[in-house]
2 protein chains.
Amino acid sequence: MTNEPNVGTEARRPRQDRGTASPSDSSAPTLRDVGARAGVSTMTASRALRGDASVAPDTRQRVLAAASDLKYRRNELARNLRTGGASGMVGLVVPNLANPFYSELALGVETALAQRGTKVVLSNTGGDARREREVVEDLVARRMDGIIVVPTGGDQSHLDPARLQDTPVVLAALPAHEIAVDCVLLDDFGGASEATASLIADGHRRIAFLGPPAVWTISERLRGFRSALNKAGIQPDERLIRWQQRDVASAARVAEQVLTLPDPPTAFFCANSRNTLGVCRAVQRLGSDAIVCGFDDFELADMLGISLRLVTYRTEVMGERAASLLMDRVDEVRAGAGERKPLRQSTIPTALTRYTPLARRAT
Amino acid sequence: MTNEPNVGTEARRPRQDRGTASPSDSSAPTLRDVGARAGVSTMTASRALRGDASVAPDTRQRVLAAASDLKYRRNELARNLRTGGASGMVGLVVPNLANPFYSELALGVETALAQRGTKVVLSNTGGDARREREVVEDLVARRMDGIIVVPTGGDQSHLDPARLQDTPVVLAALPAHEIAVDCVLLDDFGGASEATASLIADGHRRIAFLGPPAVWTISERLRGFRSALNKAGIQPDERLIRWQQRDVASAARVAEQVLTLPDPPTAFFCANSRNTLGVCRAVQRLGSDAIVCGFDDFELADMLGISLRLVTYRTEVMGERAASLLMDRVDEVRAGAGERKPLRQSTIPTALTRYTPLARRAT
DNA sequence: TTGTATGCGTTATCAT
DNA sequence: ATGATAACGCATACAA
């Protein structure tokens with residue numbers, strides 16, 4: 001060996017020989033190692049492992065054996081780099097995974113994407129808008145094929161694909177605000193209006209509305225509530241419309257106030273489950289026979305000892321749909337610079353579910 | 001330009017010039033594009049964006065401006081390939097994200113890892129052991145820095161790091177079986193025994209045990225139950241020990257059977273929340289005054305209208321701990337081929353929480 | 001059928 | 001302070 005500048009492929013190879021490397025070697029074996037052990041070139045090893053037809057059967061066998069011996073696994077990250085292709089990963093950004101809404105959404109996304117062999121990279125923002133921005137930046141830097149976001153905060157400009165290297169983005173649960181992205185929404189308006197209509201159909205005329213401070217989804221529910229009343233020619237009593245309750249305790253307090261008015265409501269429509277629970281508590285405490293109706297299902301709804309009708313929906317379906325919309329865009333991008341299909345907005349239907357308490361002290 | 005074989009760097013460059021590329025160009029800008037636009041080499045661009053000190057201030061400014069103009073983001077995947085470094089991603093494999101136990105665990109993992117800038121790649125197995133194997137293989141191929149698994153099924157051989165290119169693995173909720181991995185467990189034995197002891201302290205002597213078919217965690221709880229009885233010199237009545245109930249309905253049925261025995265128990269210890277709920281239902285239906293105690297917290301435990309004492313714990317802490325154990329191993333591997341620390345097994349403590357129903361029909 | 005040369009986007013290294 | 005070159009692990013294009 002002379003000191004000439006690098007000439008020839010094997011000569012300049014700085015990597016240690018792995019064909020006979022000790023098993024405790026810490027770095028993973030590469031195609032080159034497999035090829036060396038099988039006595040073929042890196043390319044032949046690559047082809048054999050990919051199942052390329054132009055590899056002699058016995059060669060393939062030797063390569064497969066070598067790969068198996070070395071416990072070789074293709075480095076998909078390197079592969080994706082070379083094929084200029086998709087990373088096979090999608091980012092999912094949610095405010096709080098401990099909330100069943102988001103975890104069920106995540107499950108739906110995972111289920112739909114797993115069928116395509118695409119992985120989900122999870123990010124929890126804790127409802128912090130700044131963190132959401134950072135996280136999305138990071139996901140783009142990691143070359144996600146697309147990103148699904150349940151947005152926090154009003155400004156969505158950081159979610160605009162135009163600013164994100166054209167990474168497709170899909171919004172879930174909230175509509176897009178001044179950015180060109182697809183989104184999946186719940187039928188907040190329809191669900192609320194249907195539920196309210198069912199109360200009206202049962203003869204209720206004085207119906208209270210309790211909810212948390214109005215973000216978009218809540219105001220849609222209030223709009224649905226008003227719409228149903230309006231359609232029935234009922235003038236809502238504004239004193240019965242209360243939307244400052246963030247937790248069960250304050251909802252219960254407000255419900256008790258409302259129930260002790262001179263002319264109390266005969267039914268409640270609650271815009272989220274915390275308000276529903278608060279109202280249930282108040283109704284039980286006061287022994288009221290007001291009917292409780294609310295948005296959002298919750299576990300044990302049949303064990304509260306009180307009749308309940310709830311606007312329910314399948315959150316996983318929302319996740320699946322979001323994944324589907326996203327992958328359509330991903331495929332579109334990968335197909336080339338052709339025309340983009342128009343923006344899509346998908347609405348997940350709701351249903352009205354009635355829960356009846358089980359019999360008590362049956363004798 | 002002659003037709004000589006490739007000579008020189010710029011001459012062989014097949015890539016289109018991006019310095020003035022149209023903004024609708026679909027592929028992401030690279031360091032070369034940034035360098036070209038700033039009038040410097042790729043390396044200088046790289047150094048400037050990394051914050052390398054050996055870059056002239058005004059050069060840095062030009063590079064930063066160019067990067068900003070092009071909306072450049074470093075390709076972290078390519079970077080990791082070159083630096084031979086960690087992918088900055090960890091796999092998380094759980095049976096069912098819709099189960100709060102797993103989603104809270106996931107939240108804990110995400111929270112702990114986010115602080116290190118490590119991302120979580122999620123996989124849901126649906127409790128399918130075959131899928132678990134596939135998923136883990138895939139995660140290794142995608143070069144996760146480590147993998148956290150809540151294992152399904154008895155055989156864990158596919159989770160052995162020795163078979164996974166030495167990818168560190170941590171088990172959560174279940175102990176390792178014949179594989180060399182760290183794990184995080186819940187104090188099933190301690191929690192159950194403490195809860196049972198509290199019933200005994202209250203004077204209960206006939207205590208029923210209801211649970212689902214015994215996997216490891218459930219048999220630990222049964223063992224804790226028996227241990228507490230034993231310690232108090234109480235001989236358990238085997239007819240009151242029932243562990244075939246997978247759902248609320250069957251648990252309720254069995255609880256009713258037990259309650260209508262000639263000599264019914266005065267208290268129940270339930271090994272999971274479905275059995276707890278079933279027992280609550282039975283107790284309510286029959287108007288029994290038996291005390292209900294159970295393992296696992298659940299929402300609305302304070303709204304069932306029945307006194308409850310539950311073995312509770314913080315699932316996110318388990319996730320955080322799993323992440324911590326895993327990253328210790330990851331750092332260990334990256335530090336070199338030195339000695340490995342001995343295996344660790346971490347136990348998450350439980351607490352006994354009492355829920356009292358709210359007052360009813362207060363006047 | 002198999003191998004060689006080259007490049008994906010980045011950085012380590014050595015030159016200048 | 002900046003640039004040229006090679007390499008990370010893999011795959012495309014072309015040669016043999």
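When rounded to the nearest whole Å, the span between CG of B:Leu49 and C1' of C:dT11 equals 13 Å. Rounded to whole Å, atom C1' of C:dT10 lies 13 Å from atom CG of A:Leu77. C:dT11 atom P lies 8 Å from atom CE of B:Met43, rounded to whole Å. Atom pair B:Leu81:CG and D:dA11:P shows a separation of 12 Å (rounding to whole Å applied). Distance B:Arg73 CZ to C:dG9 C1': 16 Å, rounded to the nearest Å. Whole-Å rounding puts the A:Glu76 CD to D:dG9 C1' distance at 11 Å. If you measure from atom CG of A:Asn75 to atom C1' of D:dA11, you get 13 Å, rounded to the nearest angstrom. For the pair A:Asp52 CG and D:dA13 C1', the interatomic distance rounds to 13 Å; values are reported in whole Å.
The side chain of A:Ala56 lies closest to C:dT1 when the candidates are C:dT1, C:dT10, D:dG3. In the set D:dA11, C:dT11, C:dG3, C:dT11 carries the atom at the smallest distance from any side-chain atom of B:Thr83. Taking only side-chain atoms of A:Ala78, from C-beta outward, the nucleotide of D:dG3, D:dC10, D:dA11 with the closest atom is D:dC10. Considering only side-chain atoms of B:Arg82, the nucleotide from D:dC8, D:dA11, D:dA4 that sits closest is D:dC8. Closest contact between the side chain of B:Val55 and the listed nucleotides C:dT2, D:dC8, D:dT2 involves D:dT2.
On a pure distance criterion of 3.5 Å, a polar donor-acceptor pair joins the side chain of A:Arg47 and the base of C:dG3. At a cut-off of 3.5 angstrom, counting only N and O atoms as typed in the model, there is no donor on one side facing an acceptor on the other between the side-chain of A:Arg32 and the base of D:dG9. Put simply, the side chain of B:Arg79 and the base of C:dT10 share no donor and acceptor less than 3.5 Å apart.
For the pair A:Arg143 and B:Glu76, the salt-bridge criterion is not met [side-chain N within less than 4.0 Å of a carboxylate O]. Salt bridge present: B:Arg116 and B:Asp331 bring a charged side-chain N and a carboxylate O closer than 4.0 Å.
Residue B:Ser54 is classed as a base contact, given a heavy-atom separation below 4.0 Å to a base. Note on A:Leu31: only backbone sugar-phosphate atoms sit closer than 4.0 angstrom, heavy atoms only; bases stay farther off. Residue B:Arg50 is in sugar-phosphate contact alone, with no base atom involved, counting any heavy-atom pair closer than 4.0 Å across all strands shown. Among the heavy atoms of the strands, none lies under 4.0 Å from A:Thr42.
Panel note: side chain B:Thr59, backbone B:Val55; no donor-acceptor pair is recorded below 3.5 Å.
Neither side chain, B:Ser87 nor B:Asn80, offers a donor N or O lying under 3.5 Å from an acceptor on the other. Checked by atom type, the side-chain pair A:Arg50/A:Ser46 shows a donor-acceptor distance below 3.5 Å.
Look at A:Thr59 and you'll find a side-chain N or O under 4.0 angstrom from OP1 or OP2 of C:dT2. At least one side-chain nitrogen or oxygen of B:Ser41 sits closer than 4.0 Å to the OP1 or OP2 atom of D:dG3. At C:dT10, none of the side-chain N or O atoms of B:Ser46 fall inside 4.0 Å of OP1 or OP2 (strictly under the cut-off).
Of the candidates B:Glu134, B:Arg163, B:Glu132, B:Glu132 is the only one forming a side-chain hydrogen bond (donor to acceptor under 3.5 Å, both in side chains) with B:His158.
Annotation: of the two residues near DNA chain D, B:Ala45 and A:Arg74, the 5′-most nearest-nucleotide partner is B:Ala45.
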